[in-house]
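Contents: one structure, followed by commentary.
By convention in this document, chain letters (A, B, ...) are assigned in the order of the sequence lines, proteins followed by strands, and residues within each chain are numbered from 1.
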Number of protein chains: 2
Amino acid sequence: MCLTEHTPSNATARLLSLWRIREQASRRPPPDKGSRLKSANNHRKNHLLAALPEESYVRLLPELELIAMPLGWVLYESGGRLNYLYFPISGIVSLLYVTTNGASSEIAITGNEGLVGISLFMGGESTTNRAVVQCAGHAYRMPVPALKMEFALGGAFQHLALRYTQTLITQMAQTSVCNRHHSLDQQLCRWLLLSIDRLKDSELIMTQELIANMLGVRREGVTEAAGKLQQAKLINYSRGKITVLNRPGLEKRVCECYAVVKNEFERLLPYRVPA
Amino acid sequence: MCLTEHTPSNATARLLSLWRIREQASRRPPPDKGSRLKSANNHRKNHLLAALPEESYVRLLPELELIAMPLGWVLYESGGRLNYLYFPISGIVSLLYVTTNGASSEIAITGNEGLVGISLFMGGESTTNRAVVQCAGHAYRMPVPALKMEFALGGAFQHLALRYTQTLITQMAQTSVCNRHHSLDQQLCRWLLLSIDRLKDSELIMTQELIANMLGVRREGVTEAAGKLQQAKLINYSRGKITVLNRPGLEKRVCECYAVVKNEFERLLPYRVPA
DNA sequence: CCTCATATGTTCGCTAGCACACAGACGAAA
DNA sequence: TTTCGTCTGTGTGCTAGCGAACATATGAGG
């Protein structure tokens, strides 16, 4: 492919670990329809659904189906077709780009503040990235026809979807800049903060190997950076479980990128606690 | 700001060169209204305008005003308010992110295939990046009220604008990955190809210093990478003028990122030659 | 033709992060 | 308890790109 490409030796290892994820995925297709979680209030755990006016909300309600998002499940593949728009109510979904030689980078991250599958309403039907569940959780999914109808109305739903897309764009731009200019240490802090912002507790189930895949760096690099944070008592980790002990401490170390993304988020989609 | 931030010493130099740009900009506000270029067919030099059905086109025509985009002109500033949506018919506009310590990175690039100011219809009104004219040219601009009205119709215009936004997202994602995984040499090739794709001739007015700002690297690095390309007779440059001599040669050296962006572009917005 | 600001070339030491190769350490299952 | 797979820690080169300082070239304007 590329003669002058960086040697893909280690990249192969990364690819393997991604394969592992994908196999997990095929083993566990989305179950959980009609679980105990299915009570009206759960919908409002997704901030976008929560922000919908009553009128749109009642229209969409019957279309929404609750599903479980197991760790590692691939919501959509690069170039693949989507049949649903997803509104997470818990857990984290990563938008991941995987290069032809197996190296990968996280492009953006979505939790219960957003939705997964913007290409459905943007018009492309597919994108060049992959969406993977990074932390298990649940989501409501909406079939494409319903989505398109509601979007075409040009009302609150369209408005929210587009604003959310704009925050995603900000996140992607910031990731790009961060990749270029900031140290691995800072990027790890950013990643940790963005992630725990999307969880209720401050505990992540995530190995350093996977974090390395997200950040697009070597696992050893993450070990080193995480080691520093642990020494500073900001986090604690062992065997795929990371606990944030001192959030303000992380915020001191992180680069500007985190704040930019967060501020832009609050500017565009101020979250109102659902009634 | 960031204690562990990379030293901003050289970044300062970069900032200065950006200042220079901005001063040029304030010296030359958009003139050129009603120039000789103003003939009906010129609108169609912008691919998005060209793709509009007659019905929308005639509605928008009276709203469009031709302006010149001088080199270095800032269409909008990070966080700043926009009053127009721009449809370039020639020249190149860079979306640039500048960090607090003065380092910068190009996020995406727009020519006559697209439009500048997506935040206007996405809903944010502003973005965290800056749009700078990288190669002088002309554009039609549309005032915000007209834009919003047309967009709200939910017709072809909305459709095209959103599809274009999707290609822009692809470009940003790819830039991010490229920043992480590919060598400066390859990135330079990508940048050159993306740029000359948006120009009629294969000549760029651009110093290595400025390219370095776009790519977010040191000028010396660009000198070295460009030197290799010149030795290989792929390009020729001197004092701020770069000529591409051997396009296929560049395409052999470039990383996958260029092709991904280009293919996605053609998939989403196949350009039909205007009648 | 000369001057001078600007653009490019080159050098040297330095650091972050890479590749590769193991060693330990923990925990779930047998 | 033992075993074994998975995580994490560490070390040894190595390279790309950084910072800084300076040398050279070149073209536009006097």
| request: Using five base pairs at each end, measure the axis-to-axis angle across the helix from C:dC1-D:dG30 to C:dA30-D:dT1 and round it to 10 degrees. | output: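 Between the axes fitted at each end of the helix from C:dC1-D:dG30 to C:dA30-D:dT1 lies an angle of 20°.
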Expressed in angstrom and rounded to an integer, what is the separation of [X] atom [atom1] from [N] atom [atom2]?
{"X": "B:Lys241", "N": "D:dT26", "atom1": "NZ", "atom2": "C1'", "result": "13 Å"}
{"X": "A:Asn179", "N": "D:dA16", "atom1": "CG", "atom2": "P", "result": "19 Å"}
{"X": "A:Glu209", "N": "D:dT6", "atom1": "CD", "atom2": "P", "result": "12 Å"}
{"X": "B:His181", "N": "D:dA16", "atom1": "NE2", "atom2": "P", "result": "17 Å"}
{"X": "A:Glu220", "N": "D:dG11", "atom1": "CD", "atom2": "P", "result": "13 Å"}
{"X": "A:Glu224", "N": "C:dT15", "atom1": "CD", "atom2": "P", "result": "14 Å"}
{"X": "A:Lys228", "N": "D:dT8", "atom1": "NZ", "atom2": "P", "result": "18 Å"}
{"X": "A:Met206", "N": "D:dT8", "atom1": "CE", "atom2": "C1'", "result": "16 Å"}

I want to verify a distance call: between [options], whose nearest atom is closest to the [X] side chain?
{"X": "B:Arg218", "options": "C:dA7, D:dG19, C:dC20", "value": "D:dG19"}
{"X": "A:Tyr237", "options": "D:dG9, D:dG19, D:dG17", "value": "D:dG9"}
{"X": "A:Thr223", "options": "D:dG19, C:dG9, D:dT10", "value": "D:dT10"}

Between [X] and [Y], a side-chain donor and acceptor under 3.5 Å:
{"X": "A:Thr100", "Y": "B:Glu256", "result": "yes"}
{"X": "A:Gln174", "Y": "A:Glu264", "result": "no"}
{"X": "B:Asn101", "Y": "B:Thr99", "result": "yes"}
{"X": "B:Gln186", "Y": "B:Tyr258", "result": "no"}

| OP1 or OP2 of C:dG9 sitting under 4.0 Å from any side-chain N/O of B:Gln208? |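 The answer is yes; a side-chain N or O of B:Gln208 sits under 4.0 Å from OP1 or OP2.
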| field | pair A:Leu96-A:Gln134: side-chain heavy atoms closer than 4.5 Å | value | no
| Does any N or O donor sit under 3.5 Å from an N or O acceptor when you compare the side chain of B:Arg219 with the base of D:dG19? | no
Nearest non-hydrogen partners of [X] and [Y], listed with the distance:
{"X": "A:Leu229", "Y": "A:Cys189", "value": "CD2-SG, 4.0 Å"}
{"X": "A:Ala232", "Y": "A:Arg253", "value": "CB-NH2, 3.4 Å"}
{"X": "B:Leu188", "Y": "B:Val222", "value": "CD2-O, 4.5 Å"}

| remark: With sequence neighbours left out, the residues meeting salt bridge (Lys or Arg N to Asp or Glu O under 4.0 Å) with A:Glu224 are none
| task | Looking at every strand, decide which applies to A:Gly240 at a 4.0 Å heavy-atom threshold: base, sugar-phosphate, or nothing. | result |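 Sugar-phosphate, no base atom in range.
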Distances under 3.5 Å between protein N/O atoms and the N/O atoms of nucleotides 26-30 of chain C, please, pair by pair.
unit_1	atom_1	unit_2	atom_2	d
C:dC26	O2	A:Arg239	NH1	3.3
C:dC26	O2	A:Arg239	NH2	3.3

